[in-house]
Amino acid sequence: MQVNWIGRSEGALIQFPLLEGEDTLEIFTTRPDTIFGASFIGISPDHPFVENLAKTIPALQTFIAECRAMGTSQKELDTAEKKGFNTSLFVRHPFLEDVKLPIYVANFVLMDYGTGIVFGCPAHDLRDYEFALKYTLPILPVVKGPSEAPLPYEGEGILINSHFLNGLETQEAKKVAIQHLVKEKIGASEITYKLRDWGVSRQRYWGCPIPIIHCSHCGIVPVPEDQLPVVLPQDVAFDQPGNPLDLHPTWKIVDCPQCHKPAERETDTFDTFIESSWYFARFCSPHALQPFDKEKAEFWMPVDQYIGGIEHAILHLLYSRFFTKALKACGYWALSEPFKNLLTQGMVCHETYRDQTGSWLYPHEVEKQEGRFVKLSDNTPVTVGRSEKMSKSKFNVVPAAKIVEEYGADTARLFMLSDSPPERDFEWTEAGIEGSWRYINKLWRLVMSHLPEIKTIKRGERPSPLTPNAIRIQKLTHKTLFHVTQDIERFHYNRYIARLREFSNSLEEFLPSDPSEWWALNEALHTLVLIISPALPHVAEALWAELGHSPFVINQPWPKAEAEYLIEDKVTLAIQVNGKMRGAFEMSPRLEEEEARALILDLPFVKAHVQGKVIKKFIYIQGKIANVVL
RNA sequence: GCCCGCUUGGUGGAAUGGUAGACACAACAGACUUAAAAUCUGUCGAUCGAAAGGUCGUGCCAGUUCGAGUCUGGCAGCGGGCACCA
């Protein structure tokens, strides 16, 4: 996505000399190869050259005013007509002594990209094509594409009608054209970026003050270094619209650092993106006297994993990268990129509701009755809109404080983790929160119900022998631990929660009947409490205490899955005939092919499908699948 | 127009190329209860069948493979971002 925002493009700067006088117009193009197809010059109405020219041409002033009046909404831009003003001036073609090109002021040429001037090549650019049709300018094809390609043809091809470029391919022609420009001293290769300006000031209180003082005598004066940082005043009032800093006399009025006469502070503050563009460096050295400690920052940086919403994926990430590179260029550190990995998390969404008058309703003002939604206050029907990003303006928000109060923070946390993978949008529902609430209660009952027996068991002392059921529970514990650890490390939080549920469901069904089985259950429950703690920190601590331990779970090491308990003795093998599932068969996962083949071919359902036909191939993947190919 | 992301049951979503639908939500049926809540049990892709079982099924069309939700090529739809960027 950043490619789009940074918008690097390689091309050339070319000088076009005016026919009269000494001046030249400089243009930027990514298609210097199409130079011989040029039929006009387009200048932005905002270009200084045009402003100058307009002083003596009233009609041009009118045209510029029209262009500026044009709307900037998407619809208006989409439908805007190409318009030009013929200046009656000409430039000479850089390579062709006797070719002159008319100069138009054109409404579609942007001042803030390139040089604000373009050469128009109607045969190979849609905008120039439309423009040329309107003002009957020549349309000379100079790139031969596929024969069926209509004009304007914007793709690559072989150059024609182009003198020394004839016969070259687009890429090669670009290079050769630039070589000629350089040789003639009328141009050069150039790289431009369309990264938009970042207006870093905001007319609001919440932000870092901009350390500038405006003095009526000395102009704009920076706050001297020994007076930094400028700190926001605490005694501000928000009872009036606008920026409270503007209305704060004692903070705003200061003496000018230069002439010491009364002056005013800058009351705009920095965009919060300014601080978030380098805070990670400060985090590495919170006690440093300077903004950050180079050595410590270089030790800890870059950030291993950055998590943010979609707006962070473009703006914040872009700015952070800029700051990081700028700090490097200024010698503050040797780092060129701030983050190793980015996880772009989804947004929290909720259904939207409207009453019969079309007004938005909060979720708590609405109730589902017999499959239909009605307004609680008067039982009138409610229109349910699609689920959208939670937004104050659409009322589809759920106050976090209320959820925490009713269900506890762990319930909310569990729901958010379990419902969908973090990178996708998340649908907030009452049913979902209820489901998480039920699970927490279930977990609690599971541990509490076994508490009396379990408290008599010593952890770690593995009894011998273990019953088959004890072995089964022990293996399940380690298998769960293994997968849960992996899921968390890979950000598969919804699967992590699913594993927890599978595990606790199995433990619920398990009724120990032997000391070794109680031992296994005790191990399992301890493990369960440890591994729920990232998702359910409060519940985990409470259960940890109930199990008779001192605080805190969070200080316990993460348990380790032992490889020896991950080995399965028996596994259900999927059996296919001609690639189609025909059944399953339980066997050791370590059985060799020859033995397995004999077993499988003897199975009744396999025989039924084979019916004595010749077996062309027998595929056997240990512990996974067998496929009999006829 | 360009750039991202997405497309699997009624819903959210699982599935290192190897039994599609794990785990949930909703729904339905049942147990417990005077009743309700809570809890527990069962059913839950479509279709044919009394059953056993069969056939189809991961947006669409091809391809690779013993085997494709997963890989390759092409297409469509939905959502988001940017947009006259020369």
Figure out the [atom1]/[atom2] separation between [X] and [N], and round it to whole Å.
X      : N     : atom1 : atom2 : result
A:F605 : B:U19 : CZ    : P     : 14 Å
A:N505 : B:A24 : CG    : P     : 5 Å
A:K617 : B:G67 : NZ    : P     : 9 Å
A:L25  : B:A86 : CG    : C1'   : 15 Å
A:F415 : B:A26 : CZ    : P     : 11 Å
A:F108 : B:C85 : CZ    : P     : 9 Å
A:Q486 : B:A14 : CD    : C1'   : 15 Å
A:W437 : B:A38 : CH2   : C1'   : 12 Å

Nearest of [options] to any side-chain atom of [X]?
X      : options             : result
A:A574 : B:A86, B:A22, B:U19 : B:U19
A:V629 : B:C66, B:U19, B:A26 : B:C66
A:A584 : B:C40, B:A86, B:U19 : B:U19
A:I619 : B:C66, B:C23, B:U39 : B:C66
A:R424 : B:G54, B:C6, B:C66  : B:C6
A:E502 : B:C84, B:G18, B:C23 : B:C23
A:S420 : B:G54, B:G12, B:C85 : B:G12
A:A431 : B:G67, B:U19, B:C25 : B:C25

### Message
With the 90 degree cut-off around zero defining syn, does B:G9 come out syn or anti?
### Response
syn
Which is true for [X] with a 4.0 Å heavy-atom rule: it touches a base, it touches only sugar-phosphate, or it touches nothing?
X      : value
A:Q576 : base
A:R499 : nothing
A:N627 : base
A:R582 : sugar-phosphate
A:K616 : nothing
A:S9   : sugar-phosphate
A:R501 : sugar-phosphate
A:V109 : base

[atom1] spacing across the pair [N] / [M], given as an integer number of angstrom:
N     : M     : atom1 : answer
B:A37 : B:G30 : P     : 14 Å
B:G63 : B:G17 : C1'   : 16 Å
B:C60 : B:U11 : C1'   : 24 Å
B:C2  : B:C66 : P     : 38 Å
B:G21 : B:G57 : P     : 16 Å
B:C25 : B:C32 : C1'   : 24 Å
B:C61 : B:A51 : P     : 32 Å
B:U65 : B:G73 : C1'   : 16 Å

### Task
Flag the pair A:L13 / A:T115 as yes when at least one side-chain heavy-atom distance between them is below 4.5 Å, and no otherwise.
yes
### Query
Are A:R490 and A:H492 close enough that some pair of their side-chain heavy atoms sits under 4.5 Å apart?
yes
### Summary
Note: for A:T30 and A:G432 on RNA chain B, the residue whose nearest nucleotide lies more 5' is A:G432
### Task
Find which nucleotide of RNA chain B each of A:I621 and A:I497 is nearest to by heavy atoms, and output the residue with the more 5' nucleotide.
A:I621
### Task
List the steps and the verdict of side-chain contact (heavy atoms from CB on, under 4.5 Å) for A:L525 and A:H450.
CA-CA 9 Å; A:L525 290 176; A:H450 295 307; 4.1 Å; yes
Check whether any side-chain N or O of [X] sits under 4.0 Å from OP1 or OP2 of [N], and answer yes or no.
X      : N     : value
A:Y113 : B:A86 : yes
A:N494 : B:A14 : yes
A:K580 : B:C56 : yes

Who is the Watson-Crick or G-U wobble partner of [N], with both distances under 3.5 Å?
N     : result
B:U11 : B:A24
B:G79 : B:C4
B:A86 : none
B:A51 : none
B:A37 : none
B:G63 : B:C71

### Query
Parallel, tilted or perpendicular: which describes the rings of A:F16 and A:F119, with under 30° parallel and over 60° perpendicular?
tilted
### Message
Would you call the rings of A:F85 and A:F63 parallel, tilted or perpendicular, taking 30° and 60° as the class edges?
### Response
tilted
### Task
Tell me whether the guanidinium CZ or amine NZ of A:R501 lies under 6.0 angstrom from the six-membered ring centre of A:Y439 and within 45° of its axis.
yes
### Message
Quick check: A:Y104 with A:Y135 (ring centres under 6.0 Å apart)?
### Response
yes
#### Entry: Between A:H483 and A:Y496, ring centroids under 6.0 Å
no
### Message
For a side-chain contact (heavy atoms from CB on, under 4.5 Å) check, start with the C-alpha distance between A:L25 and A:F49, then their side-chain angles and the critical distance, and finish with the verdict.
### Response
CA-CA 9 Å; A:L25 295 181; A:F49 179 85; 4.1 Å; yes
